[in-house]
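Notes to accompany the following structure.
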Number of protein chains: 2
Amino acid sequence: MTHPSAPALRPDRTVAELKELRTLTGTPDGAQRVAFTPTWAAARQWFRDKLAALPVEVHQDAGGNLWATLRGVSDRELLIGGHLDSVPNGGWLDGCLNVVAGLEVLRRLAAAGSPPPVTIRLVDWADEEGARFGRSLFGSSAASGALVPADVRDLTDRDGVRLADAVRNYGIDVERATDARAELAKAAAYLELHIEQGPVLEGLGLPMGVVLGTFGVERHAVTFTGQAAHSGSTPMAVRKDALAGVSKLHLAIRDIAARHGGVCTVGRVTTEPGIVTAVVGQAKMTLDQRHLDPAALAAMYADARSAGERFAAEEKIEVAWDKLWQIQPFPFHPTLIDLADAAVREVCGTSHRLPSGPLHDAAEVCRAGVPTVMLFVQSLRGISHNKIEDTREDHLQLSVRALDRLADKAIAWVAAGG
Amino acid sequence: MTHPSAPALRPDRTVAELKELRTLTGTPDGAQRVAFTPTWAAARQWFRDKLAALPVEVHQDAGGNLWATLRGVSDRELLIGGHLDSVPNGGWLDGCLNVVAGLEVLRRLAAAGSPPPVTIRLVDWADEEGARFGRSLFGSSAASGALVPADVRDLTDRDGVRLADAVRNYGIDVERATDARAELAKAAAYLELHIEQGPVLEGLGLPMGVVLGTFGVERHAVTFTGQAAHSGSTPMAVRKDALAGVSKLHLAIRDIAARHGGVCTVGRVTTEPGIVTAVVGQAKMTLDQRHLDPAALAAMYADARSAGERFAAEEKIEVAWDKLWQIQPFPFHPTLIDLADAAVREVCGTSHRLPSGPLHDAAEVCRAGVPTVMLFVQSLRGISHNKIEDTREDHLQLSVRALDRLADKAIAWVAAGG
């Protein structure tokens, strides 16, 4: 609790500043703060202008992340992070709520009159979305050391521009990006506030929740191969219908998800020859499987593989799996989860613990070994990455208060050696 | 049985002439006799040159069909038909086997020394395949009267050429195409030999079969609409997965086909937004259903509709049906089926009766009320519309003999007032 005479937190200012940013960097189609573009740079300049009024040191690291540091009594650090970048035609809150709310917390702490017990750092991660080059978590994975320059330097955008060339215009040498690891050397805790981007809190009628960690992901392309044949002249009994593998596996992964308590999604199906008068000779599907528990994630994947084999045998077709992407689950820190839960209860009266299906920069910070937790605020209709993404303004204000409470609790925990 | 001194049928000549035509009108990619193109015209000229040696009258009708008429004692007519046109990169037999085998039968009849009891006419239908403008059975539907000029005149090929303009170069006024109905005024029976284009006869180890009729077709596009959602943040229980409608309906139509003894095919599936990280918001599928019996076809369609409604309700999604195409079944003439069966048994020792899944010009002649039957000869691997389409040469020769036997039987039947 802040002293009655201390400067007050102004959650209404956060909402006003989010609208200011929306006006500055949005169009009628939504937010346009795609990383490594002039609009993103304008958002960052707007952020730097806000920071200029505070007694903080500001610099951009080797991975393109922008840091504002408020020196404390101890050089052990509490980090608060978010990302100003958005997808094209994105929402007004995804990523920047975290940054702008963190700015308000920083203001409150900076105005307290005396240095905080530990050093406070607000970070705007570079290119969380990966919207232009397809590589998300660019800046935070540079800081965690997980980024491999050779894997990303030659990625190109739709105009053929290389990632290495695009980031150079924003002061980043991709070959040296992981020098950003130095930024996490003294980090003792990391906090991130984010819109949920899902329907769970709205479904429960709760403004906020505490995130248990980020799901691990197994992402594969599955190809079934049968035999194309004339739809009129080929009796059912002799067909080798590749689509049957997809239909059966799609229905099976829903049971697999339910059995293990994770989520499994078939997002795309394609058919060859793909004409109305031919039995499908080859059918492809994507499979995205997510779980917070590594063993359960592995079991979901194994169950899907064996189901695919079984269906291929039943249908006399063949099946092949190609890995598209994979990441381990990142469970957050138990003590920080408890502190976050207490902060949400103080502000909202009740809390709820839930995993995060989407990835966040918090996963990379967690990977680097920094105790991490996230707060979720309710998303209306569970929709994000779209101009209609929205959250009630009273909920936004509650989320600023909850982040502020959590910051105080985390400062005390870090100061006590946590 | 022909008299020992009568001129002999030469089925080996038919095979040799089919190879001649392949050399003249094919490329390494297959047959290129697409209707209303110079290569098709070259095939027709080759055919006219063959006919020139016979005592037949040759003319092209208002629908673009080419007729060769051998006058008989009676002006009641036995028709034998086929089509020289092919799909692009097509096979060497589809359509032209019928014409070239019919030519051999005509030669045998013309050389008999006296006019046949009834008039014999060999017809090369125009544009059976519809490969260029998407309208199959052009010439035969002009002759049946089913062609509607307003529906086809503005069809365009991939270069934007209108059908009406393309056919004018080949002497056809599309507005008067159905004047070709006059050609069928005295038709008493129609015979067509064709490769099976399916795997049934090969599977049974039989060279030939008798066709019971052409399947009726119900062809629809089915659209399921749910709600796109993030694959990570949306719990399974709250999803509205449009793809579930497709997967369930695809598996259900296989049972529906088996229950009614028809064929049902899902040939194409598309997904929106169609990305690996999103639950499918809208899924579309094509459904092609075929049966020889109109009531069974209607029941298969009704069953699919009600299954679609049930699955939409189960999945809390919506379903919409759009008719793509529809044609009634055309059962062939029972007496001609019996005659065809006898002819096949005489030549091959054994016969088999089967429906035709693909459509043929015979369906249009049948629609016009002319007693009709078809013979099928085995297709290797059941493949057609492809350069690897093939039939054993001994089977091709058997098929010429069977058509010849059937012609004699049908002449006797027509002469007797059938």
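To find a chain, count down the sequence lines: A is the first, B the second, and so on, and within it residues start at 1.
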*So, do B:L251 and A:L251 sit near enough that their side-chain heavy atoms are less than 4.5 Å apart?*
yes
*Does any heavy atom of chain A fall under 4.5 Å from the side chain of B:V238, the backbone, both, or neither of them?*
side chain
*asked:* Checking B:P273 now: which residues fulfil side chain to side chain contact (heavy atoms under 4.5 Å, CB included) with it, not counting sequence neighbours?
replied: B:A228, B:I275, B:A278
*Going by heavy atoms in the side chains, are A:R290 and B:T277 under 4.5 Å from each other?*
yes
*Hey, which residues of residues 203-223 of chain B are touching chain A, say heavy atoms under 4.5 Å apart?*
B:F215, B:R219
*Which residues satisfy the ring-ring contact (aromatic ring centres under 6.0 Å, His included) test with A:H291, sequence neighbours excluded?*
none
*Can you see which heavy atom on A:V266 is nearest to which on B:L243, and at what distance?*
CG1-CD2, 3.5 Å
*Quick one: what part of B:V200 sits under 4.5 Å from any heavy atom of chain A, side chain, backbone, both or neither?*
side chain
_For a quick test of reading the model, state the closest non-hydrogen atom pair linking B:T234 to A:P199 and the distance between them._
CA-CD, 4.0 Å
*Looking at B:H385, B:Q197, B:R254, which makes the most heavy-atom pairs under 4.5 Å with chain A?*
B:R254
*First locate atom CD of A:E272, then atom CZ of B:R268, and finally report the distance between them rounded to the nearest 0.5 Å.*
11.0 Å
*At what distance, to the nearest 0.5 angstrom, does CZ of B:R381 lie from CD of A:Q227?*
10.0 Å
*Counterpart residues, ring-ring contact (aromatic ring centres under 6.0 Å, His included), relative to A:H250 (two or more places apart)*: none
*Minimum heavy-atom distance A:C264-B:R239, with the two atoms named*: O-NH1, 3.1 Å
